[in-house]
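What follows is a set of notes on a single structure, which appears directly below.
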Amino acid sequence: MSPITTIDKVGDYVGQAVTLRGWLYNKRSSGKIQFLQVRDGTGVIQCVAVKSEVGDEVFAACDALTQECSLIVEGVVRRDERAKGGYELSVLRVERVGTSTDYPITLKEHGVDFLLDHRHLWIRTPRQRAILKVRAEVMRAMADFLDGDGFTRVDPPVLTPSSCEGTTELFHTQYFDEDAYLTQSGQMYLEAAAMALGKVYSMGPAFRAERSKTRRHLIEFWMIEPEMAFYTHEDNVRLQEAFVSHVVRHVLTTCENELATIGRDIAKLERIEPPFPRLSYDEAIAWLQRHGHDIRWGDDFGAPHETELAAQFDRPVFIERYPTQIKAFYMQPDPERPEVVLCADLLAPEGYGEIIGGSQRIHDYDLMRQRFEEHRLPMDTYGWYLDLRKYGSVPHAGFGIGLERTVAWICGLEHVREAIPFPRMLYRLYP
RNA sequence: UCCUCGAUAGCUCAGCGGUAGAGCAUCCGGCUGUUAACCGGAGGGUCGCAGGUUCGAAUCCUGCUCGGGGAGCCA
């Protein structure tokens with residue numbers, strides 16, 4: 001038998017016979033010639049069977065193949081200008097591995113509802129495969145960047161005794177006789193880990209039981225959360241722009257074919273280099289007021305505000321130093337202006353909204369204690385968090401980046417649901 | 001939770017008061033270079049559910065169910 005290889009590597013076998021293993025993506029045929037579009041996860045290649053060359057038996061075997069049946073095909077690799085990937089396979093032999101009758105997803109248009117009901121099959125299509133590939137490369141780039149910068153990966157728990165921020169709705173479950181909740185952020189645990197390991201990060205799912213139904217929301221989504229001891233707000237922001245730029249550059253170099261399959265305008269990504277523009281909250285409010293928005297200092301931005309602010313720039317933009325009142329309890333006040341905190345949100349271009357939220361954290365014991373009282377946080381579940389300010393506290397900072405929003409932006413997707421293999425959305429838990 | 005749009009063949013949709021339609025998919029036949037191939041033929045329907053108006057409802061009205069988009073909230 002000829003050597004087994006994959007479609008992405010057939011270029012190394014021109015003129016030789018190879019064996020490919022995959023699935024039939026599509027088939028076109030006339031009376032005496034058949035064109036089999038075979039995919040194997042690494043790409044798609046057209047396999048050509050000419051009746052007078054392969055013989056009646058092999059030709060009939062090709063004829064019996066149906067959409068998405070699995071198969072092993074042996075053939076000679078040929079360079080061909082007419083082929084999309086540049087190569088074709090002249091079929092010598094074909095073996096069907098698994099049948100597939102009445103495959104639901106045809107190559108014609110489908111509605112979102114139908115596709116989501118068949119997500120387990122939808123991911124086989126070239127576009128969805130490409131998106132999942134980009135997602136994997138985004139995660140690899142993030143991990144590579146942080147690992148190469150002295151970070152240690154630490155995995156916070158998914159089951160928690162209560163909320164990290166106390167604001168959003170939590171998924172409730174039982175932990176034997178106790179109440180438990182699915183994590184909405186690992187941040188507090190990462191702060192603890194940063195005091196143990198210096199620079200740490202997590203990659204994992206977060207859960208928000210919000211009845212959100214927009215193209216930017218998932219009920220279950222993934223966050224990457226770096227947390228750094230001895231980092232200031234300024235250090236934090238500089239890390240973020242280097243981090244995001246690295247991720248985009250990595251995807252541009254490793255996912256050229258995938259971005260082409262998705263139809264992404266590469267030029268928009270090639271501009272993503274540090275430094276990113278920065279706007280203070282004050283400046284952002286003033287800009288919005290000048291552009292006809294009824295918004296006052298102290299209000300939080302809505303999605304349309306964010307979109308308009310971000311639309312001014314061709315790179316992601318930081319909005320920093322928000323009013324203390326509208327941000328989380330643990331954020332460090334600006335020493336020169338205690339009414340604002342040392343935080344920054346990073347808004348992606350092209351209307352993708354907030355992809356990063358980050359801040360310098362309060363390290364002073366008395367101030368954190370005061371915040372606990374102001375927000376009536378229960379000591380029995382948060383006592384350990386206060387301990388971090390009691391034993392060797394240091395200034396520290398961190399951020400959380402939403403993976404699906406980042407992938408959606410890099411791929412230019414209409415909706416974050418395509419940026420995760422099996423999206424959990426409002427009213428959708430299947431498949 | 002609110003606003004808004006929608007539900008007709010396996011899929012995407014048209015039909016908007018007078019016998020249920022098209023393209024694709026499926027099956028049969030044809031075609032030696034197809035690119036969501038093409039050509040001919042066939043099968044395929046509780047028009048989301050329940051009421052109401054009408055001689056007559058897929059079509060108009062009311063309620064319900066399910067879903068899409070958006071808002072709020074957030075990544």
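Note on naming: letters A, B, ... go to the chains in the order of the sequence lines (proteins, then strands), and numbering restarts at 1 for each one.
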### A:K51 with A:D63: basic N within carboxylate O range, under 4.0 Å
no

### Message
Using OP1 and OP2 only, check whether a side-chain N or O of A:R211 sits under 4.0 Å from B:rC2.
### Response
no

### Message
When the C1' atoms of B:rG23 and B:rG44 are compared, how many Å lie between them, rounded to an integer?
### Response
15 Å

### B:rG21 versus B:rU46 - spacing of their P atoms, nearest Å
15 Å

#### Entry: Atom-pair distance (NZ on A:K108; P on B:rA25), nearest Å
6 Å

### Task
Could you please name the option among B:rG68, B:rC74, B:rU32 that lies closest to any side-chain atom of A:S52?
B:rU32

### Task
Please measure how far the P atom in B:rC60 lies from the corresponding atom in B:rC5, and state the result in whole Å.
14 Å

### Task
Take atom NZ of A:K133 as the centre, draw a 6.0 Å sphere, and report whether it contains more than 12 heavy atoms from other residues, nucleotides or ligands.
no

### Message
Given B:rG68, B:rA25, B:rU32, identify the nucleotide with an atom nearest to the side chain of A:K213.
### Response
B:rG68

### Query
Does A:H110 place a side-chain N or O at less than 4.0 Å from the phosphate oxygens OP1/OP2 of B:rA25?
no

### Query
With a 4.0 Å cut-off, would you call A:R78 and A:E88 a salt bridge?
yes

#### Entry: B:rG68 and B:rU8, which share atom name P, separated by this distance in whole Å
15 Å

### Task
Mind running salt bridge (charged side-chain N to carboxylate O under 4.0 Å, His left out) on A:R249 and A:E270 for me, showing each step along the way?
CA-CA 8 Å; A:R249 223 177 299 123; A:E270 285 169 341; over 6 Å; no

### Task
Both distances under 3.5 Å, Watson-Crick or G-U wobble: report the partner of B:rU1, or none.
B:rA71

### Message
What is the distance, to the nearest angstrom, from the CD atom on A:Q37 to the P atom on B:rG33?
### Response
16 Å

### Task
Tell me what A:Q34 touches on the nucleic acid: a base, only sugar-phosphate, or nothing, going by heavy atoms under 4.0 Å.
nothing

### Message
Check A:E220 with A:R424, please: is the shortest side-chain N to carboxylate O separation under 4.0 Å?
### Response
no

### Query
Roughly, in whole Å, what's the span from CG in A:L36 to P in B:rU32?
17 Å

### Whole-angstrom distance between B:rU4 and B:rG63, as gauged at atom P
13 Å

### Task
Have a look at A:D345 and say if it touches a base, only the backbone sugar-phosphate, or nothing, with a 4.0 Å heavy-atom cut-off.
nothing

### Query
A:T101 near the nucleic acid: base, sugar-phosphate alone, or nothing, with a heavy-atom cut-off under 4.0 Å?
nothing

### Task
Could you state the atom-to-atom distance from CG of A:D102 to P of B:rC27 in whole Å?
7 Å

### Query
Expressed in whole Å, how much space separates the P atoms belonging to B:rU54 and B:rC47?
23 Å

#### Entry: Spacing of the C1' atoms in B:rA14 and B:rA75 (rounded, Å)
41 Å

### Query
Across the strands shown, which category fits A:H118 at heavy-atom distances under 4.0 angstrom: base, sugar-phosphate, nothing?
nothing

### Query
Under 4.0 angstrom, heavy atoms only, what part of the nucleic acid is A:E354 near: base, sugar-phosphate, or nothing?
sugar-phosphate

### Message
Whether A:E320 and A:R278 form a salt bridge (side-chain N of Lys/Arg under 4.0 Å from carboxylate O of Asp/Glu) is what I want to check.
### Response
yes

### Watson-Crick or G-U counterpart of B:rC64, or none if no pair lies under 3.5 Å
B:rG48

### Message
By the 4.0 Å heavy-atom rule, please label A:E220 as base, sugar-phosphate, or nothing.
### Response
nothing

#### Entry: Pairing nucleotide - B:rU34, Watson-Crick or G-U, each distance under 3.5 Å
none

### Qualifying residue for salt bridge (charged side-chain N to carboxylate O under 4.0 Å, His left out) with A:E404, from A:R417, A:R216, A:R135
A:R135

### Query
Does A:R417 have a side-chain nitrogen or oxygen under 4.0 Å from the phosphate oxygens OP1 or OP2 of B:rG69?
yes

### Task
Kindly state whether the pair A:F221 / B:rA75 counts as stacked, where counting means centroids closer than 5.5 Å and planes tilted less than 30° apart.
yes

### Task
Go ahead and name the base partner of B:rA22; Watson-Crick or wobble counts if both distances stay under 3.5 Å, otherwise write none.
B:rU12

### Message
Classify A:F114 by what it touches in the nucleic acid, base, sugar-phosphate, or nothing, heavy-atom distance under 4.0 Å.
### Response
sugar-phosphate

### Query
Atom CG of A:L107 to atom P of B:rG23: distance rounded to whole Å?
19 Å

### Query
Of the candidate nucleotides B:rG72, B:rG68, B:rU34, which contains the atom at the shortest distance from the side chain of A:P304?
B:rG72

### Task
Could you check whether A:G353 gets within reach of a base, just the sugar-phosphate, or nothing at all, counting any heavy atom under 4.0 Å?
nothing

### Query
Is a salt bridge present between A:D117 and A:R428, judged by a nitrogen-to-oxygen distance below 4.0 Å?
yes

### Message
Work out how far the C1' atom of B:rU59 is from that of B:rG18, and round it to whole angstrom.
### Response
11 Å

### Task
Classify the nucleic acid contact of A:V112 as base, sugar-phosphate or nothing, counting any heavy atom under 4.0 Å across all strands shown.
nothing

### Query
Where the side chain of A:R82 is defined as all heavy atoms beyond and including C-beta, which of B:rA75, B:rG33, B:rG72 is the nearest nucleotide?
B:rG33

### Task
Starting from the 5' end of RNA chain B, give me the residue, A:T106 or A:Y427, whose nearest nucleotide shows up first.
A:T106

### Task
Just name whichever nucleotide pairs with B:rA58, Watson-Crick or G-U, keeping both distances under 3.5 Å, else none.
none

### Query
So what does A:A303 hit on the nucleic acid, given a heavy-atom distance under 4.0 Å: a base, only sugar-phosphate, or nothing?
sugar-phosphate

### Query
Can you check the A:L116 CG to B:rC66 C1' distance for me, whole Å?
14 Å

### d(CG, A:D63; C1', B:rU32) in whole Å
14 Å

### Summary
Using Watson-Crick geometry (N1-N3 plus N6-O4 or O6-N4) or G-U wobble (N1-O2, O6-N3), each under 3.5 Å, B:rG43 is paired with none

### Summary
When rounded to whole Å, the CZ to C1' distance for the pair A:F35 and B:rU32 reads 7 Å

### Message
Of the listed nucleotides (B:rG33, B:rG69, B:rG72), which one gets closest to any side-chain atom of A:S212?
### Response
B:rG72

### Query
Which one, B:rG33, B:rA75, B:rC73, comes nearest to the side chain of A:L218?
B:rA75

### Message
Can you give me the closest heavy-atom contact between A:Y322 and A:I319, atom names plus distance?
### Response
CE1-O, 3.2 Å

